[in-house]
Amino acid sequence: MSDNRTVVRMDAYERITRNAAEVVTEEEIEALADDPDGKRAYVGYEPSGVLHIGHMLTANKLIDLQEAGFEVTVLLADVHAYLNDKGSFEEIRHTAERMRDQFIAYGLDESNTQFVLGSDFQLDDDYTLDLHSLELETTLARAERAMAEITSGDSVKVSQAVYPLMQALDIPYLGVDLAIGGMEQRKVHMLARDVLPSIDREPPTSLHTPLIADLGTGRGKMSSSAGVTISMEDSRDDIESKVNDAYCPPTADPEPTDDGEARENPVLQVFEYHVFPRFDAVTVERPKEYGGDLAYEGYGALEADLESGELHPADAKGALAEYLDRLIAPGREQLAE
RNA sequence: CCGCCCUUAGCUCAGCCUGGUAGAGCAGUCGACUGUAGAUCGACUUGUCCCCCGUUCAAUUCGGGGAGGGCGGACCA
């Protein structure tokens, strides 16, 4: 923090809640923002070895929280991944180890981030008995609903009903004040709020990041399993090509498809949720014939320029690839070792 | 445990009755047109037809066995 004078000072509440799709509850977040020091937030990730843009979105929020004074726990959820049919336990555990370095390379503050392996505490006797207690409190239908957006595979296993209950239980066991996740996690967090009091634990406050639309179509949500994603494995050329192929009408509010399915502008979304949170200023390089370079200090101005036609989507894409590459380069180098 | 149905391209499925190694839509790839993408045209690609055994000159197709998935198995009808 050697040069704070050029950085716009943001108060804790604003930094904590910016770019959030939802916060539960507003009052609880305000209380945390009033005195963030020593408070702990967490995200759980199923280990995948390589960080992708979905991980990066919640990681941005963790960085915000660290800058607001929070302490941060990253749960490398090896047991969860196992329950979600992601492979053998040994394989999962191995990839979990690689993930830690990926997060550090991405920009989490190493001295202020606690990495915890799920299996380090989720197999303890007390935990197991508490888990069974939550199982007793929860109908199968409720657990299945909570998992609807998370489950992999086409048939629901008993393990996948246990999964959200463990997620709930992790919160008190990790001593967490604030649970972070994408919007696909909201039903799990609501379940946690409902069931934790039954074992005399505090219901958690949660904050959910938005889901970014599929890069290629602007429809649905970007997924690492289907469609195009961006990860730390991508070369500069990969990124340029993926960004160039992205759906990008010259507006922030595209027309729905002929079938009536809603569409977003994923290029703008990536600027909003990935680029501007990490860069104070963004320069769009533009050939002289089209008016020369443009500079932005916030997302709103860039969106407005795209909307008005001042900024052409092709130029926006060029800048997006450049800044995404800067975000990914450290992780890519780390992977290469 | 018992019964019925399903398993064919990345996805949803047709074909099998009347055996001769297979199709559609969507997706994807490549061009054209746009200073991006999309839309729209044009061209193109894709398959252990779930596995094993049997019958047959020949099996995705017929028979048997197995695996995976779905639904059902009080009463009422």
Side-chain angles (χ1 to χ4, degrees), chain A residues 48 52-54 82-88 140-141 143-145 147-161 211-231 233-276 282-296 299 301-328:
Chain A
S48 70
H52 59 68
I53 196 164
Y82 182 63
L83 291 173
N84 203 15
D85 208 9
K86 294 292 172 63
S88 78
L140 204 47
E144 274 187 48
R145 253 185 295 139
M147 283 297 283
E149 313 254 334
I150 302 170
T151 306
S152 62
D154 44 6
S155 59
V156 189
K157 306 286 174 56
V158 173
S159 63
Q160 288 160 336
L211 299 177
I212 289 184
D214 178 79
L215 201 57
T217 65
R219 285 180 269 175
K221 60 180 182 184
M222 202 188 295
S223 150
S224 56
S225 51
V228 180
T229 191
I230 287 170
S231 83
E233 280 179 326
D234 288 335
S235 68
R236 169 76 195 226
D237 284 350
D238 291 336
I239 293 171
E240 283 179 3
S241 140
K242 286 174 180 182
V243 169
N244 186 53
D245 287 347
Y247 174 71
C248 187
T251 174
D253 193 19
E255 293 293 313
T257 64
D258 293 341
D259 304 332
E261 192 179 356
R263 276 191 286 201
E264 303 292 333
N265 186 323
V267 170
L268 284 179
Q269 287 185 318
V270 176
F271 266 114
E272 184 174 14
Y273 299 116
H274 287 281
V275 175
F276 281 101
V282 169
T283 301
V284 175
E285 293 184 9
R286 191 165 64 169
K288 278 198 291 288
E289 59 173 310
Y290 294 127
D293 294 358
L294 292 164
Y296 297 100
Y299 167 73
L302 185 145
E303 181 191 305
D305 273 4
L306 189 85
E307 196 77 55
S308 72
E310 170 63 24
L311 172 62
H312 190 276
D315 295 323
K317 283 180 171 181
L320 184 62
E322 164 64 25
Y323 285 91
L324 271 180
D325 186 61
R326 289 195 207 174
L327 287 171
I328 278 170

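Since the model is a prediction, treat every value here as computed from it, not as a measurement. Computed from heavy atoms alone, side chains included, the values below leave out hydrogens, waters and symmetry copies.
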ask   = What does nucleotides 25-36 of chain B look like as a protein-contact string, B for base, S for sugar-phosphate only, - for none, at under 4.0 angstrom between heavy atoms?
value = ----------BB

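- Taking the side chain to side chain donor-acceptor pair (under 3.5 Å) definition, one finds that A/Asp238 meets it with A/Ser235, sequence neighbours left out.
- Side-chain contact between A/Thr257 and A/Arg263 is present, with heavy atoms from C-beta onward closer than 4.5 Å.
- Side-chain N or O atoms of A/Asn84 include none that pairs as donor or acceptor with a backbone N or O of A/Lys86 at under 3.5 Å.
- Among pairs with a residue in residues 301-319 of chain A, those fulfilling salt bridge (charged side-chain N to carboxylate O under 4.0 Å, His left out) read A/Arg286-A/Glu310, at least two apart in sequence or across chains.
- Distance noted for atom P between B/G63 and B/C26: 35 Å (whole Å).
- When the C1' atom is compared between B/A24 and B/A14, the two are found 7 Å apart, to the nearest whole Å.
- Classification of the A/Phe276-A/Tyr299 ring pair by plane angle, with boundaries at 30° and 60°, yields perpendicular.
- Comparing the same atom, P, in B/G20 and in B/C16 gives a spacing of 10 Å after rounding to whole Å.
- Between B/U46 and B/U8, the two C1' atoms lie 13 Å apart (nearest whole Å).
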request  = Run the numbers on A/Asp234 and A/Leu324 for side chain to side chain contact (heavy atoms under 4.5 Å, CB included), then give the verdict.
outcome  = CA-CA 10 Å; A/Asp234 288 335; A/Leu324 271 180; over 6 Å; no

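- Paired runs in RNA chain B that reach 3 or more consecutive Watson-Crick or G-U pairs, where each pair keeps both distances under 3.5 Å, cover B:1-7 with B:67-73, B:10-13 with B:23-26, B:28-32 with B:40-44, B:50-54 with B:62-66.
- Rounded to the nearest Å, the gap between the C1' atom of B/A74 and that of B/G25 is 44 Å.
- Partners of A/Tyr82 under the ring pair (Phe, Tyr, Trp, His ring centres under 6.0 Å) rule, at least two apart in sequence or in another chain, are A/Phe89.
- Across the P atoms, B/G3 and B/G64 are found 14 Å apart, a figure rounded to whole Å.
- Using P as the reference atom, B/A27 and B/G65 are 42 Å apart when rounded to the nearest Å.
- In this structure, the CG atom of A/Asn265 is 13 Å from the P atom of B/G38, given to the nearest Å.
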Derivation and outcome, side chain to side chain contact (heavy atoms under 4.5 Å, CB included), residues A/Leu311 and A/Val284 = CA-CA 9 Å; A/Leu311 172 62; A/Val284 175; 3.8 Å; yes

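- Not a single ring pair (Phe, Tyr, Trp, His ring centres under 6.0 Å) links A/Tyr296 to another residue, sequence neighbours left out.
- Across B/G47 and B/A22, the matching P atoms stand 11 Å from one another, rounded to whole Å.
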